[in-house]
Amino acid sequence: ARGEGGPVDTTQSVAWFEKAAGYGLVNSMYNLGATFHPTGDGGGTALQDPEKSYFWYSIAAQNGDEQAAKLAASMASDLDASSKSAADQRIAAWTAEQRDPEANERFGA
């Protein structure tokens, strides 16, 4: 995401953040909110999307991230009523995927 160890690749970072967020990792939820967060300075990327940012910040907030809650509230004010309503429906329906409890077990040790 920041180009540590190689070039910045936002497509790959979003894919990995989405995968991790899908399993309930709050930091990745927050990172997605930040990735999609519009900068407002005209120097942003094509990934900036206030509805996606609001969605991921809200999901992170539901999972205990207080900073994400503040950012979600801020993003909500930038959305029209229809977009916010659609995002709120997706937020209410979202659940993390179940992790395989044996995924991190060591075999043959």
Side-chain angles (χ1 to χ4, degrees):
R2 288 181 257 171
E4 296 172 10
V8 171
D9 187 338
T10 52
T11 302
Q12 281 294 317
S13 68
V14 166
W16 283 107
F17 287 147
E18 286 176 339
K19 184 179 267 291
Y23 283 106
L25 291 152
V26 178
N27 287 345
S28 290
M29 296 168 188
Y30 181 94
N31 287 338
L32 285 165
T35 298
F36 295 123
H37 192 125
T39 61
D41 64 6
T45 69
L47 289 175
Q48 293 182 355
D49 183 322
E51 191 173 333
K52 286 182 181 179
S53 182
Y54 170 70
F55 174 84
W56 284 111
Y57 282 145
S58 296
I59 297 295
Q62 285 181 345
N63 285 279
D65 190 311
E66 293 178 17
Q67 180 65 27
K70 294 173 188 173
L71 291 165
S74 173
M75 293 306 306
S77 66
D78 292 340
L79 299 176
D80 61 52
S82 175
S83 295
K84 184 175 180 308
S85 177
D88 286 338
Q89 288 176 9
R90 288 194 322 278
I91 292 162
W94 189 89
T95 58
E97 295 179 46
Q98 294 298 310
R99 298 179 203 174
D100 180 348
E102 296 180 11
N104 290 321
E105 293 297 317
R106 291 182 58 177
F107 293 97

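The residues of the chain are indexed from 1 along the displayed sequence.
- For the residue pair E97 and Y23, the shortest heavy atom distance occurs at OE1-OH, 3.5 Å.
- Minimum interatomic distance between V8 and A1 (heavy atoms only, all atoms of both residues): CG1-O, 3.7 Å.
- With sequence neighbours excluded, no residue forms a ring pair (Phe, Tyr, Trp, His ring centres under 6.0 Å) with F36.
- Partners of A15 by side-chain contact (heavy atoms from CB on, under 4.5 Å), not counting sequence neighbours: none found.
- S53 places no side-chain N or O within donor-acceptor distance of the main-chain N or O of D49, the cut-off being under 3.5 Å.
- Between G33 and W56, the shortest heavy-atom contact is N-CB, 3.5 Å.
- Put simply, the side chain of K52 does not reach to within 4.5 Å of the side chain of L32, judged on heavy atoms.
- For the pair Y57/Y30, a side-chain contact is recorded, criterion being any heavy-atom separation below 4.5 Å from C-beta on.
- Note that CZ of R90 is 10.0 Å distant from OG of S58, once rounded to the nearest 0.5 Å.
- Looking only at side-chain heavy atoms (C-beta outward), D65 and M29 stay at 4.5 Å or farther from each other.
- For A69, the side-chain contact (heavy atoms from CB on, under 4.5 Å) partners at least two apart in sequence or on another chain are A61.
- Both L71 and W94 are assigned to one and the same hydrophobic cluster, defined by single-linkage of ILVMFWY side chains at heavy-atom distances under 4.5 Å.
- Note on L79: it clusters hydrophobically with M75, by side-chain heavy-atom contacts below 4.5 Å among ILVMFWY residues.
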Practice task
Give the C-alpha distance, both sets of side-chain angles, the deciding distance and a yes or no for side chain to side chain donor-acceptor pair (under 3.5 Å) between Y54 and D88.
Solution key: CA-CA 9 Å; Y54 170 70; D88 286 338; 2.5 Å; yes
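- In this structure, S28 and A20 approach most closely via the heavy-atom pair OG-CB, 3.2 Å.
- Nearest approach of K84 to A76, heavy atoms of both residues: CE-CB, 3.8 Å.
- Atoms CZ and CG, from R2 and N31 in turn, are 7.5 Å apart once rounded to the nearest 0.5 Å.
- Note that the CG atom of N27 and the CZ atom of F17 stand 9.0 Å from one another [nearest 0.5 Å].
- At distances below 3.5 Å, at least one donor-acceptor pair connects side-chain atoms of S13 with backbone N or O atoms of T10.
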